[in-house]
Amino acid sequence: MTAESYDPREIERRWQRVWADERSWEVSNEDDGRPKSYVLEMLPYPSGEPHIGHLKVYSVGDAIAHFKRRTGHRVLHPLGYDAFGLPAENHAIKTGQHPRESTEASIAEFRRQFNDWGVSIDWSRELGTHEPSYYRWTQWLFLRLFEQGLAYRKEAAVNWCPNDATVLANEQVVDGRCERCGALVEQRQLEQWFFKITDYADRLLDDLETIDWPQSVVTMQRNWIGRSEGAEVVFHCDDLDTDYPVFTTRPDTLFGATFFVMAPEHPDVLRLDDSPEVREYVRRALAASAEERGEEDREKTGVALGRTVTNPVNGEQIPMYVADYVLMEYGTGAIMAVPAHDERDYEFAVKHGIEIRRVIEGGEDGEDGELPYTGDGPMVASGRFDGLHNREAFERIVAWLGDEGKGEPAVNYRLRDWLLSRQRYWGCPIPIVHCERCGLVPVPDDQLPVVLPDIDDYAPEGRSPLAAAEDWVAVDCPSCAAPARRETDTMDTFVDSSWYFLRYCDARNDAAPWDRDVLRGWMPVDQYIGGVEHAILHLMYARFFTKAFADIGLLDVQEPFARLFTQGMVTRDGAKMSKSKGNVVSPRELVDEFGADAARCYILYVGHPAEGGDWNDKGIEGIARFLARLWRAAADAAAQTEPSEGPAGEPTAVLRKAHWAIDKVTTDLGERFATHTAIAAVIELVNDMTKQRDDLLATPEGASQYRFAAATAGSLIFPFAPHLGSEVYELLTGRRVWEEPWPQADPALLVADTVTIVVQLNGKVIDRFEAAVGIAEEEQERIARASERVAERLDGREIVKAVVVPGRLVNLVAR
RNA sequence: GCGGAUGUGGCGGAAUUGGUAGACGCGCCGGCUUUAGGUGCCGGUGGCCUUGGCCGUGGGGGUUCGAGUCCCUCCAUCCGCACCA
């Protein structure tokens with residue numbers, strides 16, 4: 001037994017110093033002929049200190065980055081901080097501490113811990129989105145989008161959180177409540193800034209096919225964009241002589257439209273009918289919260305408007321209603337209602353005694369089933385379209401409407417424009433000046449950044465806290481020099497994080513957000529890693545920015561993230577870790593107790609990183625034991641063997657095992673991200689070494705193979721446990737493992753001398769035998785048939801067939 | 001309701017192409033080392049019965065010489081969306 005023992009603290013500190021002193025992970029923008037690889041973890045939001053999810057994402061990302069480097073790539077692996085945002089501001093309101101102070105304290109803590117974890121970051125590219133040197137370019141990019149009409153201002157019914165006193169994006173409203181504080185969201189009419197992401201709906205949808213993302217994320221994005229194809233059909237109201245277009249995905253059911261419904265917000269509702277009942281209904285509908293209105297089994301309420309519209313296909317007058325199950329935001333805010341073939345319309349019609357007219361046959365067994373029927377079938381009660389299949393009638397009716405000027409094919413999206421303005425302090429100022437004469441005036445590029453001023457009172461009161469900074473707000477119009485006022489809203493922090501991956505490529509450029517040629521050298525991100533919680537918002541916004549910037553000619557890719565890996569959540573006792581449950585595992589404590597290598601390995605070992613994984617306090621001890629075993633094996637090898645160029649003598653089992661492990665880790669990590677089985681393979685190797693230690697060390701050849709196996713284990717564990725990997729490798733070879741090419745398995749050593757052949761009788765395993773590799777099929781079958789166990793079990797039956805799988809098994813079929 | 005996943009020992013999880021189910025780790029049992037505890041090392045560990053078997057990958061059915069893996073069906077759990085016309 002070696003006198004000294006494994007001391008991760010000392011080893012880890014030593015290697016961290018080497019990497020920092022030598023700037024081992026910095027990478028130049030110069031092309032040196034090697035293929036590039038851009039490995040990126042999602043931008044962390046610095047709040048308090050890092051949690052277990054951060055440890056996981058960097059453990060995964062760092063393993064990939066190291067693997068890429070050692071397989072010949074020039075790797076960009078940068079890091080920064082998503083530093084603007086509400087939590088820091090709410091903290092400021094509570095404590096009076098400036099958000100910059102609390103944020104920077106947190107950044108310092110994050111930086112310290114990332115360093116303690118030994119993550120291979122190119123620190124020369126570090127950035128914080130709250131730094132003027134960064135948000136100067138956020139503002140610059142905003143102005144480019146403004147010039148293109150992609151950033152615009154309009155009054156809109158917006159989601160208003162009464163608690164945070166700010167507007168929320170649709171995406172930040174969950175079940176009618178503020179995603180952040182849980183308060184019921186209200187609707188307000190306010191002037192707001194939007195990005196025109198809807199212009200990109202089709203491209204955002206189509207280009208999902210060009211990227212290698214998890215199917216579930218692609219599906220979520222697709223659903224969020226929510227493209228539906230159908231037709232716009234015009235219904236005319238004779239009383240007001242007004243056309244009311246509606247969007248429908250089922251023009252084939254037009255002959256079954258027996259009423260017409262408008263959303264309570266529709267501007268024409270009171271023009272059509274301003275009776276007390278209608279006024280009261282509209283008033284109550286508008287007062288209802290989004291949550292109340294969205295309740296699932298809520299009754300379909302509504303009031304008749306006392307007017308009719310003309311169904312364009314048959315000239316029928318059908319009654320108009322106002323009902324809150326119709327949404328103003330989608331389509332035209334009015335619908336044609338076909339109760340026989342739409343569940344919602346059916347429910348409403350039953351309640352209000354409206355005619356239900358079947359126009360498509362079908363249902364169970366081709367017979368007419370119950371209504372509402374939403375499936376396909378032949379058309380009935382539809383005039384000259386009778387008898388056609390409804391899918392065909394769909395096309396014909398749309399064509400006919402087009403000829404008559406009563407409709408046309410149309411596409412609708414669920415996606416809404418991105419509301420980016422926030423009435424909060426701690427965010428990027430919007431670089432616009434409001435001038436009475438000139439209107440919205442962009443701040444000239446050479447006056448950027450518009451610096452966020454220091455203020456004393458952060459509490460929002462329905463307007464941005466910045467509005468109180470009079471000296472800052474009052475400004476001369478950049479266009480006409482008349483007294484004007486700055487925009488006091490700040491940007492949604494999603495704006496900051498929608499382009500940071502571009503800035504990393506050219507992080508110290510102070511003449512532009514980036515140089516187009518430099519960007520061409522790095523983009524797209526080859527491997528993006530983060531949590532599923534960003535499956536929609538962040539990833540959609542970043543894709544939109546990338547496409548918009550490509551259109552402006554600022555860059556040359558259409559998609560920012562070629563490959564996406566979404567990690568699963570680490571749970572404890574099957575439950576999500578949370579402070580309130582008191583079941584959080586602190587990375588800092590883990591690293592203090594077991595070392596960063598053990599913490600990183602364990603989190604990658606507990607299961608496939610894409611899945612969740614249940615934290616087990618005892619589990620990490622097993623990994624710590626394994627690392628100590630590897631350290632001791634290396635120490636023994638170093639003490640009892642001489643350095644050599646490679647393993648000597650005839651290959652023994654341990655040498656084969658080492659090559660087996662090389663092969664296994666290479667495919668598991670390189671192709672499947674299966675870090676858990678990759679680490680298990682190294683554990684197996686080290687366990688085998690430990691068992692054969694005394695025998696191997698007894699001969700010079702055995703010792704050299706033992707030494708080789710230990711160095712190989714160090715080399716293979718390096719992507720997961722970089723400190724110990726470096727230590728072991730240096731001890732045994734005198735070289736730096738991260739400068740070494742990734743080891744290659746010798747195919748000759750991957751094949752064993754013998755294989756176990758299984759003998760099955762009618763598919764059940766009853767015997768096994770050892771055979772030389774490459775045994776002839778006939779020989780394999782002969783031995784199997786000769787098995788005593790077969791004879792014992794045959795019991796008078798006859799072997800009628802033998803299935804031979806070479807090198808694997810023989811299945812004897814007896815009858 | 002729609003969409004996406006997932007169901008394997010006491011637990012986390014392996015089995016990558018239809019071919020030895022349970023790798024590896026935790027836990028547990030036994031042994032050795034140790035003054036003792038811990039550490040370390042060695043062996044065992046899916047279930048059931050009489051030492052040889054039988055059963056076993058959420059349930060049921062199917063395809064196949066052979067199914068955790070493919071097909072049908074049902075159930076359960078998780079995630080996302082949800083009055084989107």
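Each chain gets a letter, A, B and so on, in the order its sequence line appears, and its residues count up from 1.
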Val803(A) or Ile623(A), whichever maps to the more 5' nucleotide of RNA chain B: Ile623(A)
Listed nucleotide nearest any side-chain atom of Thr249(A), set A85(B), G27(B), G43(B): A85(B)
Syn/anti state for G4(B) [syn: chi within 90° of 0]: anti
Partners passing salt bridge (charged side-chain N to carboxylate O under 4.0 Å, His left out) against Arg9(A) (at least two apart in sequence or in another chain): none
Thr332(A) to Met328(A) - nearest heavy-atom pair and separation: O-CE, 3.9 Å
Anything under 3.5 Å between a donor and an acceptor, one on a side chain of residues 661-669 of chain A, the other on a protein residue two or more places apart or in another chain? List them.
from: Lys664(A); atom 1: NZ; to: Asp668(A); atom 2: OD2; distance (Å): 3.2
from: Thr666(A); atom 1: OG1; to: Ile662(A); atom 2: O; distance (Å): 2.5
from: Thr666(A); atom 1: OG1; to: Trp742(A); atom 2: NE1; distance (Å): 2.9
from: Thr667(A); atom 1: OG1; to: Asp663(A); atom 2: O; distance (Å): 3.2
from: Thr667(A); atom 1: OG1; to: Lys664(A); atom 2: O; distance (Å): 3.2
from: Asp668(A); atom 1: OD1; to: Arg672(A); atom 2: NH2; distance (Å): 3.2
from: Asp668(A); atom 1: OD2; to: Thr677(A); atom 2: OG1; distance (Å): 2.8
from: Asp668(A); atom 1: OD2; to: Ala678(A); atom 2: N; distance (Å): 3.4

Plane angle bin for Phe260(A) and Tyr244(A) - parallel if under 30°, tilted between 30 and 60°, otherwise perpendicular: tilted
Reference residue Lys801(A); test side chain to side chain contact (heavy atoms under 4.5 Å, CB included); the match among Asn811(A), Leu812(A), Val813(A): Val813(A)
Glu621(A): salt bridge (charged side-chain N to carboxylate O under 4.0 Å, His left out) partners, not counting sequence neighbours: none
Residue Arg625(A), side-chain heavy atoms: nucleotide from A85(B), C81(B), C26(B) that is nearest: C26(B)
Side chain to side chain contact (heavy atoms under 4.5 Å, CB included), paired with Thr675(A), selected from Ser59(A), Pro719(A), Cys601(A), Pro609(A): Pro609(A)
side-chain hydrogen bond (donor to acceptor under 3.5 Å, both in side chains) assessment of Thr249(A) paired with Glu229(A): CA-CA 6 Å; Thr249(A) 53; Glu229(A) 293 182 33; over 6 Å; no
Whole angstrom value for the distance that separates C1' of C81(B) from CD1 of Ile536(A): 7 Å
Within 6.0 angstrom of Glu343(A) CD, more than 12 heavy atoms from elsewhere: no
Polar atom pairs (N or O), protein with nucleotides 21-24 of chain B, under 3.5 Å:
from: A23(B); atom 1: O2'; to: Glu684(A); atom 2: OE2; distance (Å): 2.8
from: C24(B); atom 1: O2'; to: Tyr605(A); atom 2: OH; distance (Å): 2.6
from: C24(B); atom 1: O2; to: Tyr605(A); atom 2: OH; distance (Å): 2.7

Sugar-phosphate only, base, or nothing, as touched by Gly622(A) at under 4.0 Å among non-hydrogen atoms: sugar-phosphate
Phe720(A) CZ - G25(B) P separation (whole Å): 16 Å
Nearest to side-chain heavy atoms of Val758(A), which nucleotide of U20(B), U16(B), C65(B): U20(B)
First encountered from the 5' end of RNA chain B, between Ser216(A) and Lys664(A): Ser216(A)
ring-ring contact (aromatic ring centres under 6.0 Å, His included) contacts in which one or both residues fall within residues 662-691 of chain A, not counting sequence neighbours: Phe565(A)-Phe673(A), His608(A)-His676(A)
Nearest-angstrom distance from the residue atom CG of Asn762(A) to P of G66(B): 8 Å
Those residues that, when tested against Arg222(A), pass side-chain contact (heavy atoms from CB on, under 4.5 Å) (two or more places apart): Leu205(A), Leu208(A), Glu209(A), Gln215(A), Val218(A)
Check nucleotides 48-55 of chain B against the protein and report each pair of N or O atoms closer than 3.5 Å, with its distance, or say if there are none.
from: G53(B); atom 1: OP1; to: Arg789(A); atom 2: NH2; distance (Å): 3.3
from: C55(B); atom 1: OP2; to: Lys764(A); atom 2: NZ; distance (Å): 3.1

Rounded distance in Å - OH (Tyr346(A)) to C1' (A85(B)): 18 Å
Could you list all N or O pairs between the protein and nucleotides 76-79 of chain B that sit under 3.5 Å apart?
none

Touch class at under 4.0 angstrom, heavy-atom based, for Arg414(A) against every strand present: base
Aromatic Tyr325(A) / basic Lys300(A) pairing, under 6.0 angstrom, 45° off normal: yes
d(CG, Leu537(A); P, G80(B)) in whole Å: 12 Å
Closest listed nucleotide, where the reference is the side chain of Arg629(A) and the choices are A85(B), G25(B), C26(B): G25(B)
Listed once per pair and sorted, the salt bridge (charged side-chain N to carboxylate O under 4.0 Å, His left out) pairs that draw on residues 244-254 of chain A, sequence neighbours left out: Arg250(A)-Asp252(A)
Any donor-acceptor pair under 3.5 Å from His341(A) side chain to Ile360(A) backbone: yes
Neighbour count above 12 (heavy atom, 6.0 Å) for Glu788(A) CD: no
Candidate nucleotides U16(B), G12(B), C81(B), ranked by approach to the side chain of Asp614(A) - the nearest: G12(B)
Arg632(A) side-chain N/O to C41(B) phosphate OP1/OP2 under 4.0 Å: yes
d(CG, Asp695(A); C1', C42(B)) in whole Å: 14 Å
Nucleotide nearest Val813(A) (side chain, heavy atoms from C-beta), chosen from G19(B), U16(B), C65(B): C65(B)
Derivation and outcome, salt bridge (Lys or Arg N to Asp or Glu O under 4.0 Å), residues Glu778(A) and Arg782(A): CA-CA 6 Å; Glu778(A) 302 75 37; Arg782(A) 193 191 58 75; over 6 Å; no
Separation of atom CG in Leu669(A) from atom C1' in U16(B), rounded to whole Å: 15 Å
Whole-Å C1' distance, C11(B) and G7(B): 15 Å
Nearest listed nucleotide, side chain of Asn811(A), among C26(B), G19(B), U16(B): G19(B)
Sugar-phosphate, base or nothing in reach of Ser228(A), heavy atoms under 4.0 Å: sugar-phosphate
Length of the CG-P vector between Asp7(A) and U39(B), whole Å: 18 Å
Partner residues of Glu684(A) under the salt bridge (charged side-chain N to carboxylate O under 4.0 Å, His left out) criterion, sequence neighbours left out: Lys657(A)
Pair Glu347(A) + Lys351(A): basic N to acidic O under 4.0 Å: no
Show me the protein contacts with nucleotides 32-35 of chain B, counting only N or O atoms at under 3.5 Å.
none

Range-with-range stems of RNA chain B (Watson-Crick or G-U pairs under 3.5 Å, three or more in a row): B:1-7 with B:75-81, B:10-12 with B:24-26, B:27-32 with B:40-45, B:46-49 with B:52-55, B:58-62 with B:70-74
